[in-house]
Amino acid sequence: MKHEELDAALDSFGDALASATRVTPGNALRPEDIAVDGVAPSDEVAQYALTLGDDALILAQRLAHWISRAPELEEDVAMGNIALDILGHARSFLTYAGLAWDKSEDDLAYWREEEEFTSLWIVEQPNGHFGVTIIRQLIVSIYQHLLYQKLATSQDETLAAIAAKAVKEVDYHRDHAIQWTIRLGQGTEESAQKMRHALEILWPYVDEMFRDEPVHQNLESIAVLPSSLRNAWQEEISAVLAEAGLEIPATGQAMAFGRRGEHSEHLGYLLAEMQVLARKHPGASW
C-alpha cells in the first residue's frame, strides 16, 4: 500500500494524537499500520502473538496503578512512561493476533473472559510495596529484553518488526529496574529487607516464564522457545542481585499455567476494573 493510501486508511482510526501510544517516532511500526496494511497471521502465529500481547497488557495495567502513587514525582512519571511503552507493545501484538480472527485490539482486551487470557502469573501479581514492583520489573524486563532480541530475527516479518521496536524501549525499562534494585538493595536495612521480601514473593513464578508450550514448539524459526532464554537470564539477574547484596531465595515454584488459561486469583479483579467501562458502555468513544 502506498504511503498516501495508508495515511487515508489511518484516518478511520480518528485523531492520531488522541492516545500517547498512537504516535511512534521515526518509521517504527505502529499498531495502526499493522491493522491497515498487515497480512493476517496463521492461527498458531496469532495464538503466539496473543501470549506476548497478554503479558504486556496485564503488566501495563499493573504499572499504571502507580501513577499518582509513586514514592517521588520523577518516579511517578517514569512508571507512567514505562506502562505506556508496554501498552504500546500490547497494542501491536493484539492487533496482529486479531487479524487472524477479524477482531480488534479492543475486542481482545475488553471482551474476553478470564480463562481466555494467556498471561504469565508473574505479571498478574499485585504491585505490593515499591520493592515488589521493582523486583517484578527486574525479572520481567530482563526476560523481555532477551526475548525481543531473538524475536527480532523471526521469520515472521510483523513479529520481528514489533520486537525490533520494543527491544529498544525494554532496554530502558531493564536499566531502570536494575538501578532501583541496586539502590534499594544497598540502601538501608529496611529497604534491603523489603527487596528480600519481594524476591520471596515473586521468585515462585519464575519457572513458568521459561516453560515451552506447544504454541512455541510448533513455530520453529518464528517463535522463541522460552527455555532457550533461561541461562542468559539467570546469569544476568544473578549479577544484578549480587551487586545489590541480595540473594536468590530458596523457594519452591508455583504450579502456574497462565498460558493454558489457568490464572492466579488476582487476574479476575484486574480484568473487572480494566474492562468495566467498555462493557458498561459498548461502542463508546472519547
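In this text the structure is predicted, and so the values were computed from the model without any measurement. Computed from heavy atoms alone, side chains included, the values below leave out hydrogens, waters and symmetry copies.
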Does the separation of the ring centres of [X] and [Y] fall below 6.0 angstrom?
X: Y48; Y: H216; answer: yes
X: W66; Y: F130; answer: yes
X: H145; Y: H173; answer: no

Could you verify whether a donor N or O on one side chain and an acceptor N or O on the other, from [X] and [Y], lie under 3.5 Å apart?
X: E114; Y: H263; answer: no
X: N127; Y: R136; answer: yes
X: D156; Y: Y96; answer: yes
X: D43; Y: W101; answer: yes
X: E200; Y: T251; answer: no
X: D212; Y: Q217; answer: no

As a quick check of understanding, evaluate side-chain contact (heavy atoms from CB on, under 4.5 Å) for L199 and M195, giving each step before the final call. CA-CA 6 Å; L199 281 165; M195 295 301 273; 5.6 Å; no
Aromatic ring pairing W203/W233, orientation class (parallel under 30°, perpendicular over 60°, tilted between):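 Taking W233 first and then W203, their aromatic rings sit tilted (interplane angle of 30° to 60°).
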Please work out whether the ring planes of Y143 and F210 are parallel, tilted or perpendicular, with thresholds of 30° and 60°.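 Ring orientation of Y143 relative to F210: perpendicular.
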ILVMFWY network linking [X] to [Y], side-chain heavy atoms under 4.5 angstrom:
X: L138; Y: Y172; answer: no
X: M274; Y: F93; answer: yes
X: Y269; Y: Y205; answer: no
X: L50; Y: W111; answer: yes
X: I182; Y: I82; answer: yes

Could you please spell out the steps behind the side chain to side chain donor-acceptor pair (under 3.5 Å) verdict for Q144 and H89? CA-CA 11 Å; Q144 287 184 328; H89 308 162; 5.6 Å; no
Is the closest side-chain heavy-atom distance between [X] and [Y] below 4.5 Å?
X: L99; Y: P41; value: yes
X: H281; Y: L277; value: yes
X: I162; Y: I34; value: yes
X: I139; Y: M209; value: yes

Counting only heavy atoms not in [X], do more than 12 sit closer than 6.0 Å to its [atom1] atom?
X: N218; atom1: CG; value: yes
X: E72; atom1: CD; value: yes
X: Q234; atom1: CD; value: yes
X: E115; atom1: CD; value: yes

For the pair [X] and [Y], find out whether any cationic side-chain nitrogen is under 4.0 Å from an anionic carboxylate oxygen.
X: R174; Y: D171; result: yes
X: K168; Y: D85; result: no
X: E189; Y: K194; result: no

Which pair of heavy atoms, one from [X] and one from [Y], lies closest together, and at what distance?
X: L151; Y: A163; answer: CB-CB, 3.7 Å
X: P31; Y: S92; answer: CG-OG, 3.5 Å
X: S42; Y: A100; answer: O-CB, 4.3 Å
X: A198; Y: I135; answer: CB-CG1, 3.7 Å
X: A83; Y: A64; answer: CB-N, 3.9 Å
X: A177; Y: I134; answer: O-CG2, 3.9 Å

Any donor-acceptor pair under 3.5 Å from [X] side chain to [Y] backbone:
X: E262; Y: M255; value: no
X: E124; Y: S264; value: yes
X: E116; Y: E113; value: yes
X: R62; Y: Q125; value: yes
X: Q149; Y: V167; value: no
X: D76; Y: S68; value: yes

What distance separates [X] [atom1] from [Y] [atom2], expressed to the nearest 0.5 Å?
X: E105; Y: R91; atom1: CD; atom2: CZ; value: 4.0 Å
X: L229; Y: E236; atom1: CG; atom2: CD; value: 11.5 Å
X: H65; Y: T133; atom1: NE2; atom2: OG1; value: 11.0 Å
X: L225; Y: K150; atom1: CG; atom2: NZ; value: 7.5 Å
X: S119; Y: L267; atom1: OG; atom2: CG; value: 5.0 Å
X: F257; Y: E208; atom1: CZ; atom2: CD; value: 8.0 Å

Using the rule given for side-chain contact (heavy atoms from CB on, under 4.5 Å), can you reason through R211 versus R230, listing the C-alpha separation, both sets of side-chain angles and the distance that settles it, and then say yes or no? CA-CA 10 Å; R211 186 183 301 132; R230 183 77 189 239; over 6 Å; no
Is the NZ or CZ atom of R279 both under 6.0 Å from the centre of the six-membered ring of Y110 and within 45° of that ring's axis?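 No cation-pi geometry.
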Considering the options I86, L120, D54, I122, which one meets the side chain to side chain contact (heavy atoms under 4.5 Å, CB included) requirement together with L59?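 For L59, the side chain to side chain contact (heavy atoms under 4.5 Å, CB included) check succeeds only for I86.
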Pair E247, R196 - check salt bridge (Lys or Arg N to Asp or Glu O under 4.0 Å), show working. CA-CA 8 Å; E247 296 180 353; R196 290 193 291 271; over 6 Å; no
Does the pair Q137 and W180 meet the rule for a side chain to side chain donor-acceptor pair (under 3.5 Å), with working shown? CA-CA 10 Å; Q137 202 59 23; W180 267 112; over 6 Å; no
side-chain contact (heavy atoms from CB on, under 4.5 Å) between S191 and T188: does it pass, once the steps are laid out? CA-CA 5 Å; S191 70; T188 65; 3.5 Å; yes
Report the C-alpha separation of D55 and R259 in whole Å, then their side-chain angles, then the decisive distance to 0.1 Å, and conclude whether the side-chain contact (heavy atoms from CB on, under 4.5 Å) test is met. CA-CA 10 Å; D55 286 348; R259 293 290 189 237; 2.8 Å; yes
